[in-house]
Amino acid sequence: MSAVFGLADCNNFYASCERVFDPALEGKPVVCLSNNDGCVIARSDEAKALGVKMGEPAFKLRRLSAWRAIRVFSSNFPLYGDMSRRVMATLEDFTPNLEIYSIDEAFLDLSGFGDRSLSDYGNFICAQARKRTGIPVSIGIAETKTLAKIANRIAKKEARGAVDLTASLKLRRAALAATGVGDVWGVGRRGAEMLKSHGVLTALDLSTAPQAWVRARMSVTGARTRMELGGVPCLDLESQPADRKTALVSRSFARPVETLDDLGEAVAAFAAGGAEKLRKAGLAAGSVTVFIRTNPFSKTDPQHNNAATLALPMPTNHTAAITKTALTALRRIFKADRRYKKAGVLLLDLAPQGRTGGSVQGDLFAPRTDARGGRLMTAFDEINCKFGRGTIRYAAAGLKAAGGPGKRKNWRMNQAHRSPRYTTNWNELPIVRA
DNA sequence: TCTGGGGTCCTAGGACCC
DNA sequence: TCTGGGGTCCTAGGACCC
């Protein structure tokens, strides 16, 4: 039985949250702003129709002819977090397995629901979420996460509740053909530019591009995306959230900050906030990075960006210890006569409290088949992709195993001689044989 | 005048060990 | 024709995500 993924995504989430608490906003253009009311981070459909762009600076809103009609909100993240929990709790009732992917998105395990219409079931879930929380939700259904994203995008575009791409290959093909390569999950701006310059314009084009070519140009993540578009799942549902690896507290300043004292005050506040985050999560930091930067949009100010990382004497989540180290780092990077616009404290090397890391070694672990019985690509397959047989003078292939206690982390094999050294990571890339 | 905040992963290459 | 092989750990920078 093959896997089926649903991607449930709240429509215009923050704007929809504001509407739940003020139904008079229904049908009106609603916009939510970032911290400091800096730029637009959510728009209702009506606001989109007026030409409000994502990420647009708030002051530019006033240039729109219809700006007086737009209801503008400062962000209220505690509210959005609470609404998110309610939506997720609802979704949980309709699947045995749920992965909360972001504040407004969740992947649902819909495998084994094939005896009824998946799109009917999806529509039912959407209706229930709307009824119980007031938040409009759409669901994309497909054989892989990447395809489910595409299905969801279509659902939103066509103002449908659920879109199911599992029904026929023809349907999937049409969806891929109608999706620009830049709109594929995992393909960002740079990737899209590169692909377009080679004539790969749609998701369908990417799904049929030669695997080795994609692997060479877009690394293992791109190769995975390509396979997922073809219906081969490379990304699993992860219902257990992993421990966080970093924690960041940063802000843009409303006006430029110029003195070490003022900057220190801000950094101390960020450090305290970071320490509290860690305590809530039961984590401790091993080191602290402080960064400061001037306003990159300024055409007149001299620019300065800098950062420093300092190890803490021992892993901790105590405010005093983290603040002290953060301020030491700040003193190292501060430059007088600069107008700083943003600063932050990044806490690194997070580990569950009481455990300070260490490494485990054990038996060699080099899987050759994946969980579905497919053969996994080996490092030598990749070398041959890249250089072609017979041209290799020296190669080193690193295989990164799937981890887990008792498993050795890396397995490297050196062959032949002379550079270029070629290293690749092992990342469970399934190979489908014709 | 005014342009967000918080994350993850991958790669290349170096340092260092036996 | 001409060279060591195997392993761990770390970092900077880039790319991507919501």
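Residue numbers begin at 1 in each chain, while the letters A, B, ... track the order of the sequences. Worth saying up front: this structure is predicted, and the values here are computed from it rather than measured.
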Using a cut-off of strictly less than 4.0 Å between a heavy atom of the residue and any atom of DNA chain C, enumerate the qualifying residues of residues 181-210 of chain A by number. A:Val184, A:Trp185, A:Gly186, A:Val187, A:Gly188, A:Arg189, A:Arg190, A:Gly191
With sequence neighbours excluded, give me every salt bridge (charged side-chain N to carboxylate O under 4.0 Å, His left out) pair touching residues 246-264 of chain A. A:Glu258-A:Arg339
I want to check one thing: is the phosphate of B:dG7, taken as OP1 and OP2, less than 4.0 Å away from some side-chain N or O of A:Lys277? yes
Could you go through A:Arg190 and A:Met194, starting from their C-alpha distance and side-chain angles, then the distance that decides it, and tell me whether this counts as side chain to side chain contact (heavy atoms under 4.5 Å, CB included)? CA-CA 6 Å; A:Arg190 305 302 292 267; A:Met194 185 282 294; over 6 Å; no
What is the distance, rounded to the nearest whole Å, between atom CD1 of A:Ile100 and atom C1' of B:dG7? 16 Å
Contiguous pairing runs of three or more, Watson-Crick or G-U under 3.5 Å, that involve DNA chain B: B:5-18 with C:5-18
Between A:Arg339 and A:Ala247, the residue closer to the 5' end of DNA chain B by nearest nucleotide is A:Arg339
CG (A:Leu7) and CZ (A:Arg153) are apart, to the nearest 0.5 Å, by 13.0 Å
So, are A:Lys149 and A:Glu105 salt-bridged, with charged N and O less than 4.0 Å apart? yes
Heavy-atom side-chain proximity of A:Arg43 to A:Leu50 below 4.5 angstrom: no
Is there any salt bridge (charged side-chain N to carboxylate O under 4.0 Å, His left out) pair reaching into residues 55-66 of chain A, and which pairs are they, with sequence neighbours excluded? none
Would A:Thr146 and A:Thr144 count as having a side-chain donor-acceptor pair, cut-off 3.5 Å? no
What integer distance in Å separates A:Lys245:NZ from C:dC10:C1'? 15 Å
For B:dT3, take OP1 and OP2 only and decide whether either is under 4.0 Å from a side-chain N or O of A:Lys342. no
For a 4.5 angstrom cut-off between non-hydrogen side-chain atoms, does A:Trp67 reach A:Val72? no
Just by distance, no angles: are the side chains of A:Asn97 and A:Thr95 close enough, under 3.5 Å, to form a donor-acceptor pair? no
How close or far is atom C1' of B:dT8 from atom CD of A:Glu99, stated in whole angstroms? 13 Å
Below 4.0 angstrom from OP1 or OP2 of C:dC17, is there any side-chain N or O of A:Lys149? no
Report the residues that fulfil side chain to side chain donor-acceptor pair (under 3.5 Å) with A:Arg130, sequence neighbours left out, ordered by chain and then residue number. none
Quick check on contacts: within residues 75-94 of chain A, what sits under 4.0 Å from DNA chain B by heavy-atom distance? none
Residues of residues 248-257 of chain A with a heavy atom under 4.0 Å from any atom of DNA chain B, listed by number, are A:Leu248, A:Val249, A:Ser250, A:Arg251, A:Ser252
Is any side-chain heavy atom of A:Met218 closer than 4.5 Å to one of A:Leu195? yes
Would you please classify the geometry between the A:Phe253 ring and the A:Phe270 ring as parallel, tilted or perpendicular, with 30° and 60° separating the classes? parallel
Strand contacts (DNA chain B) in residues 50-72 of chain A, 4.0 angstrom heavy-atom criterion: A:Pro57, A:Phe59
Could you give the distance from CG (A:Leu347) to CD1 (A:Ile322), rounded to the nearest 0.5 Å? 5.0 Å
Sequence-distant partners of A:Ser74, side chain to side chain donor-acceptor pair (under 3.5 Å), two or more places apart: A:Asp37
Whole angstrom value for the distance that separates P of B:dT8 from CG of A:Asp243: 10 Å
How many Å lie between CG on A:Leu347 and P on B:dG6, as a whole number? 11 Å
C1' gap between B:dC17 and C:dG4, integer Å: 15 Å
Salt bridge flag under 4.0 Å for residues A:Arg132 and A:Asp93: yes
Pairs where residues 267-280 of chain A contributes a residue and the test salt bridge (charged side-chain N to carboxylate O under 4.0 Å, His left out) is met, not counting sequence neighbours: A:Glu276-A:Lys280
d(CG, A:Asp104; C1', C:dC17) in whole Å: 12 Å
Result of checking A:Glu18, A:Lys156, A:Lys48 against A:Asn12 for side-chain hydrogen bond (donor to acceptor under 3.5 Å, both in side chains): A:Lys48
Ring centres under 6.0 Å, that's the criterion: do A:Trp185 and A:Phe5 meet it? no
Which heavy atom of A:Arg172 sits nearest to which heavy atom of A:Leu229, and what is that distance? CD-O, 4.0 Å
May I ask you to list the residues of residues 295-302 of chain A, by number, that have any heavy atom positioned under 4.0 Å from an atom of DNA chain B? A:Phe297
If I take atom CG in residue A:Asn305 and atom C1' in nucleotide C:dG13, what distance separates them, rounded to the nearest angstrom? 14 Å
Between C:dC18 (P) and A:Asn152 (CG): distance, integer Å: 11 Å
If only side-chain N and O atoms of A:Arg293 are considered, is one of them under 4.0 Å from the OP1 or OP2 phosphate oxygen of B:dT3? no
Name every residue in residues 32-46 of chain A that has at least one heavy atom under 4.0 Å from any atom of DNA chain B, in order of residue number, or write none if there are no such residues. A:Ser34, A:Asn35, A:Gly38, A:Cys39
Can you find a side chain N or O atom of A:Thr246 that sits less than 4.0 Å from OP1 or OP2 on B:dT8? yes
To the nearest 0.5 Å, atom CE of A:Met83 lies from atom CG of A:Leu79 at 7.0 Å
Other residues, nucleotides, ligands: >12 heavy atoms within 6.0 Å of A:His198 NE2: yes
Apply side chain to side chain contact (heavy atoms under 4.5 Å, CB included) to the pair A:Asp9 and A:Asp104, showing each step before the final yes or no. CA-CA 6 Å; A:Asp9 190 321; A:Asp104 69 338; 3.5 Å; yes
